[in-house]
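Working notes, structure below.
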Number of protein chains: 2
Amino acid sequence: MALTIRDVADAAGVSAATVSRALRGLSNVEPATRDRIVAIAREMNFSVSPAASRLATGRTGTIGIVTPFVDSWYFSQIFAGVEEVLKPFDVDLLLHTTQPRDPSGLPGAHVRMRRRVDGALVIGLAADSDELTAMSAMDMPVVLLGSRSPGMASVSIDDRLGARIAVSHLAELGHERIALISGRRLPAVFLPENDRLAGYLDVLSARQLPADKSLREIGLFTAPGGEHAMDALLSRRRPPTAVFCMSDEMAYGALRAIARAGLAVGGNKAAGEIAVIGFDNHDLSGLFDLSTVGQPVRELGRSAAQLLMSHVVGSPTTEVRIVPTDLHVRGSTTP
Amino acid sequence: MALTIRDVADAAGVSAATVSRALRGLSNVEPATRDRIVAIAREMNFSVSPAASRLATGRTGTIGIVTPFVDSWYFSQIFAGVEEVLKPFDVDLLLHTTQPRDPSGLPGAHVRMRRRVDGALVIGLAADSDELTAMSAMDMPVVLLGSRSPGMASVSIDDRLGARIAVSHLAELGHERIALISGRRLPAVFLPENDRLAGYLDVLSARQLPADKSLREIGLFTAPGGEHAMDALLSRRRPPTAVFCMSDEMAYGALRAIARAGLAVGGNKAAGEIAVIGFDNHDLSGLFDLSTVGQPVRELGRSAAQLLMSHVVGSPTTEVRIVPTDLHVRGSTTP
DNA sequence: CTGTTAGCGCGTTCAT
DNA sequence: ATGAACGCGCTAACAG
């Protein structure tokens, strides 16, 4: 049906091996014949069969991306960074989303990636995940993104430090009742959010502030979730005067809840304003005038992709890269 | 290095052919031996080589996704819908982003997809795109998403109708100077946005309203772009009293610009409120209290994926599916 | 520099 | 129901 390298060879009057060499740009081919072969091949509209090529070489020319979610701002930014770096390498991108809550017999990441990628980028999987251990159990080069695991290469921010920065900023404003809106229920070891909780507690204890558990709510990493969480916090006997949200999108919801309650947002504690800070520096946070601890998500993607490629084409690595975060002070914490 | 089907055959005391049949669940295999083989295979932790399998069968078991952008809410929602449908089919997902403005010798979508997918979902490519024509020139099954092209299967909304709904809604409020913030410069045939422009003009002409070109601005489909565009519109000698934005994110920016100008947003024209309506029903539009024409993005992804699969495993189709939009009236247009 | 030979690991005839 | 043999299209190793 489709053309084979053999057809091109016949048309060019050379052997199949020479065509293969010419098409791959190997050096041991007379430039003249190489050009001729390439010309003929494209004239015939020929392209090699990746399957055959993979079978013969053992290399797949494919990089896998494993992620638990794809419908989030975070992922889309990560992916944009990854794409940017991987583009020049001319590799295929195999995408797989793990469904956390659905062990319904569908194959997991490790089996979906197995034998079909030269390496994989694993986003946001807990370090104790079965899929992760299975992947590293095979020889597959893996780079973790957003989490860390002993003996594995990874790129992430310092979540604990980031949280400290955020909460310190609130404390500097004079706040003592600082609430926390987290994504999932914490503490849960192996999750990055747990580090953020630790950072939050670090600041409270360093400043001798009460670690009031009634000041913690879950926001599911969504705006409606954040809104709901803030509603709950505001209904406490002694509501918080400031709140740290583990994601900007939850903070958007919190802002809304505060406004609905007829309260003001801002950094002027004396005037009764509630200070709000988020985490991510989401694209829209400028619009919401939301203070936040920014993580360079796109850069995380770039860095992880680079690390993975150097692992795949070069030598194995267990490098752990920590990318710095930065504080963006906006209206939601400005006096 | 890796195990082959042969190793399993030896361990089970059968031939490689039988193992192949057993592992694929073909009927012509004694149930007892089939179970034994499967048990042994998983005990050896064996998995077949996709490359060899593809070479032998000619099928790739892979679906391609071609898209010009990946860092957008639209894409992430589309993808979530696609994923949902494709998951049970157990196919690989090959992702390729076309870079519109970068013909720098890097291979285009058609060559990246060639010989490696059984079919492709093409998102947001103009119908006159070289890559698109190239893909359909090969035998590759293609389903378009968000655009249409003669003779090709596609899933999209009725952009013209959607725009009419939005602009009619503004006109009903009594507005006569209705501005338009588009993503890219229009008119540009083959782009869905062009249909939205047409819908906008439809309403103006039906109601004998002036089609003032100074009331059209470009917003790049981003919030900052929308903000900038609205700034420009407000600085006109005779500024608009209402605005239709081709995306919600641009509308967010517009809301901000209006607020900064000290003007009010809403549906009460008599009170001098500026009416704003967007397009998409983005997740955050409820928070912004933004009226909008919603498109069921996730559903678009699902529908397109279904269509593609029926094309790939079943018979070729050129079905054109139009998914309805719906009007969401919120505070930005409520009197 | 080029051609010949021999797999890569499966799926698929054909027999039996 | 099972096995033997061949071929899928390409690359690698060895000659020359």
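All chains are named by letter (A, B, ...) in the order of the sequence lines, taking the proteins before the strands, and each is independently numbered beginning at 1. Quick note: numbers below take in every heavy atom, side chains included, and nothing from hydrogens, waters or symmetry partners.
Taking side-chain N and O atoms only, Thr33(A) has a distance below 4.0 Å to OP1 or OP2 of dT2(C). For Ser20(B), no side-chain nitrogen or oxygen approaches OP1 or OP2 of dC10(C) to under 4.0 Å. Dashed line: the shortest gap from a side-chain N or O of Ser15(A) to OP1 or OP2 of dG3(C) is under 4.0 Å.
Distance CZ (Arg24(A)) to P (dC1(C)): 16 Å, rounded to an integer number of Å. Summarising the geometry, the separation between CZ on Arg21(B) and P on dT13(C) is reported as 11 Å, rounded to the nearest angstrom. Rounding to whole angstrom units, CG of residue Leu26(B) and P of dT12(C) are separated by 8 Å. The interatomic distance linking Arg36(A) (CZ) with dC1(C) (P) rounds to 15 Å, in whole Å.
Each of Arg6(B) and Leu55(A) lies near DNA chain D, and the nucleotide nearest Arg6(B) is the one positioned closer to the 5' end. Nearest-nucleotide assignment on DNA chain D puts the 5′-proximal partner with Ala52(B), out of Ala16(A) and Ala52(B).
When side chains are defined from C-beta on, Asp159(B) does not count as touching Gln295(B), because their heavy atoms never get closer than 4.5 Å. For the pair Phe89(B) and Ile63(B), the minimum side-chain heavy-atom distance is 4.5 Å or more. Using a 4.5 Å heavy-atom threshold, the side chains of Glu83(B) and Lys87(B) count as touching.
Using a 4.0 Å heavy-atom cutoff across all strands shown, Arg115(A) reaches sugar-phosphate atoms only and no base atom. Residue contacts for Ile5(B): at a heavy-atom cut-off of 4.0 Å it reaches the sugar-phosphate backbone alone, with no base atom in range. Using a 4.0 Å heavy-atom criterion, one finds that Arg34(B) contacts no nucleic acid atom at all.
In this structure, the side chain of Ser303(A) does not engage the main chain of Glu299(A) through any donor-acceptor pair within 3.5 Å. Remark: the backbone N or O of Gly61(A) is not paired with any side-chain donor or acceptor of Asp92(A) at under 3.5 angstrom.
The outermost nucleotides of DNA chain D lying under 4.0 Å from heavy atoms of chain B, listed 5' to 3', are dA1(D) to dC10(D).
Remark: Ser72(B) engages Phe69(B), Tyr74(B), Phe75(B) in a side-chain contact (heavy atoms from CB on, under 4.5 Å) (not counting sequence neighbours).
When distances run from any side-chain atom of Glu30(A) to the nucleotides dT12(C), dC1(C), dC10(C), the shortest one goes to dC1(C).
For Arg54(A) against dG9(C), no side-chain N or O and base N or O form a donor-acceptor pair under 3.5 Å.
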